[in-house]
Amino acid sequence: MHDIRKLNVMENVMDENDHIAEHVREHMGAHGVLIVNEMGAPGVGKTTTLKNIIERLQIAKPFVIEGDIESDLDTKDLNSLGIAAYQINTFGACHLDAPMIDHKIDEMDFDLEDKERGILFIENIGNLVCPAEFTIGEHVLMLIATVTEGSDKPYKYPLAFEKADIILINKVDLIPYLDFDEEFFMKGVRALNKTAPVFKVSGKTGEGYAEVAAWLEGRAAALDIHEHHHGHGDDEHHHHHHE
Amino acid sequence: MHEYPITEQIIKICSQHCAEAKADKVVSVSLVVGDYSGCVGESIQMYFDIISEGTPCESAKLKIKRVKPKLKCPACGEFFERAPMSFACPKCGVDGEPTEIGKEFYIEEIEVE
């Protein structure tokens with residue numbers, strides 16, 4: 001009985017992650033919370049961008065999960081500004097995955113009033129490669145590019161640009177000092193992605209962020225929410241604290 | 001870097017299929033990996049040998065089929081691999097659009113005994 005048999009498997013290796021991501025996306029969306037997965041290389045201004053957007057939100061209540069390999073400096077920084085920020089440390093891993101987010105949102109209190117909308121910003125690990133490959137349950141993948149990185153980035157990191165739902169070009173206040181070729185950059189972006197809006201922003205001057213905040217709030221307002229009475233998330237997977 | 005948890009997942013799926021087929025061990029695993037799946041075949045192989053110890057997958061042979069990403073030309077319909085720093089179609093010069101080719105990451109089949 002030691003015959004070798006072939007078994008047809010045809011199973012995606014990422015299925016488990018993708019199922020959990022789908023659950024997170026549906027669950028939070030149904031409770032009026034838009035999830036924004038923020039992705040960008042180290043030093044593009046991911047935390048600065050979050051601060052700038054959050055300052056300009058008109059209606060939605062902000063929440064933040066900071067993903068870092070180590071340290072909680074950004075979380076402390078955001079908490080000191082009165083922003084509800086929570087930390088995930090991956091201790092070496094190069095991206096966040098859906099199970100990490102699923103566990104973290106269990107610990108968080110999304111105290112929204114009826115019909116109120118929230119936006120959960122998740123700052124992914126500084127990296128343009130791996131975070132593009134793992135969905136974490138986001139409704140919106142927000143890519144931060146900068147004029148300082150050079151205009152060839154869509155050609156070198158195509159997957160990140162292909163998958164983005166919104167693209168920010170940060171540090172535009174530095175354009176006079178650089179040779180950023182916007183036409184070449186945009187040609188690459190549009191070859192990969194016909195639909196994502198592109199916003200020019202500056203973390204230094206704050207320009208452009210009001211438009212980004214308004215776009216995200218539009219997406220949050222468009223969520224198909226179910227009635228949420230006082231709490232939220234008391235389905236089979238989530239047990240939040242209730243007043 | 002992230003191939004470790006992914007390889008654990010591969011071994012978990014293969015071991016399940018092996019048990020369901022009431023077989024004793026996995027002899028080989030055929031994996032299809034697109035270049036844009038984010039997984040490096042060599043790293044999976046390295047982790048596979050370590051993680052599979054003591055599982056039904058121990059000493060199984062890993063066969064990896066790589067798939068190169070292809071763009072599709074919206075003008076002439078050509079599927080092509082892009083040249084560095086360009087998305088242009090080699091036939092007509094129009095910028096190609098992304099396709100699902102090259103993003104595959106699945107276990108095609110396993111051999112068990």
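All chains are named by letter (A, B, ...) in the order of the sequence lines, taking the proteins before the strands, and each is independently numbered beginning at 1. All values below were derived from every heavy atom in this structure, side-chain atoms included, with hydrogens, water molecules and symmetry-related copies excluded.
Between Pro158(A) and Phe87(B), the shortest heavy-atom contact is CB-CE2, 4.5 Å. Residues Pro98(B) and Ala191(A) share a closest heavy-atom pair of CD-O, 3.6 Å.
In terms of non-hydrogen atom pairs under 4.5 Å with chain B, the most contact-rich of Asp152(A), Leu159(A), Leu192(A), Asn193(A) is Leu192(A). Options Ser30(B), Ser28(B), Ala23(B), Ser37(B) differ in how many heavy-atom pairs under 4.5 Å they form with chain A, and the most are formed by Ser37(B). Note on Asp15(A), Asn17(A), Asn8(A): by heavy-atom pairs under 4.5 Å with chain B, the leading option is Asn8(A).
For the side-chain contact (heavy atoms from CB on, under 4.5 Å) criterion with Val9(A), the lone passing option out of Leu31(B), Val29(B), Ile13(B) is Ile13(B).
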Exercise for review: List the steps, then state whether side-chain contact (heavy atoms from CB on, under 4.5 Å) holds for Glu111(B) with Arg5(A).
Suggested key: CA-CA 5 Å; Glu111(B) 288 178 310; Arg5(A) 285 179 288 156; over 6 Å; no
Practice item. With side-chain contact (heavy atoms from CB on, under 4.5 Å) as the test, would you mind laying out the steps for Lys194(A) and Glu97(B) before giving the verdict? Key: CA-CA 9 Å; Lys194(A) 301 270 183 279; Glu97(B) 292 171 352; 3.3 Å; yes
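Of the possible polar contacts, one joining the Arg82(B) side chain to the Tyr155(A) backbone as a donor-acceptor pair under 3.5 Å is found.
To the nearest 0.5 Å, the span separating CG on Leu71(B) from CD on Glu162(A) amounts to 8.5 Å. Rounding to the nearest 0.5 Å gives a distance of 5.0 Å between CD1 of Ile4(A) and CD of Glu113(B). Note that CE of Met14(A) is 8.5 Å distant from CD of Gln9(B), once rounded to the nearest 0.5 Å. Taking CZ of Arg190(A) as the reference point, atom CG of Asp95(B) lies at 12.5 Å (rounded to 0.5 Å). The distance from atom NZ of Lys12(B) to atom CD of Glu11(A), rounded to the nearest 0.5 Å, is 10.0 Å.
Of residues 126-148 of chain A, those residues with a non-hydrogen atom less than 4.5 Å from any non-hydrogen atom of chain B are, in numerical order, Cys130(A), Glu133(A), Phe134(A). Interface with chain A: from residues 99-107 of chain B, residues Lys103(B), Phe105(B), Tyr106(B), Ile107(B) qualify, criterion being any non-hydrogen pair under 4.5 Å.
Shown here is Glu183(A), whose CD atom has no more than 12 heavy atoms of other residues, nucleotides or ligands within 6.0 Å. Open room surrounds NZ on Lys200(A); 12 or fewer heavy atoms of other groups in view lie less than 6.0 Å from it. No more than 12 heavy-atom neighbours from other residues, nucleotides or ligands sit within 6.0 angstrom of NZ on Lys187(A).
Side chains of Pro84(B) and Lys156(A) form no contact here, defined as non-hydrogen atoms less than 4.5 Å apart.
Contacts between Val112(B) and chain A at a heavy-atom distance below 4.5 Å involve backbone atoms as well as side-chain atoms.
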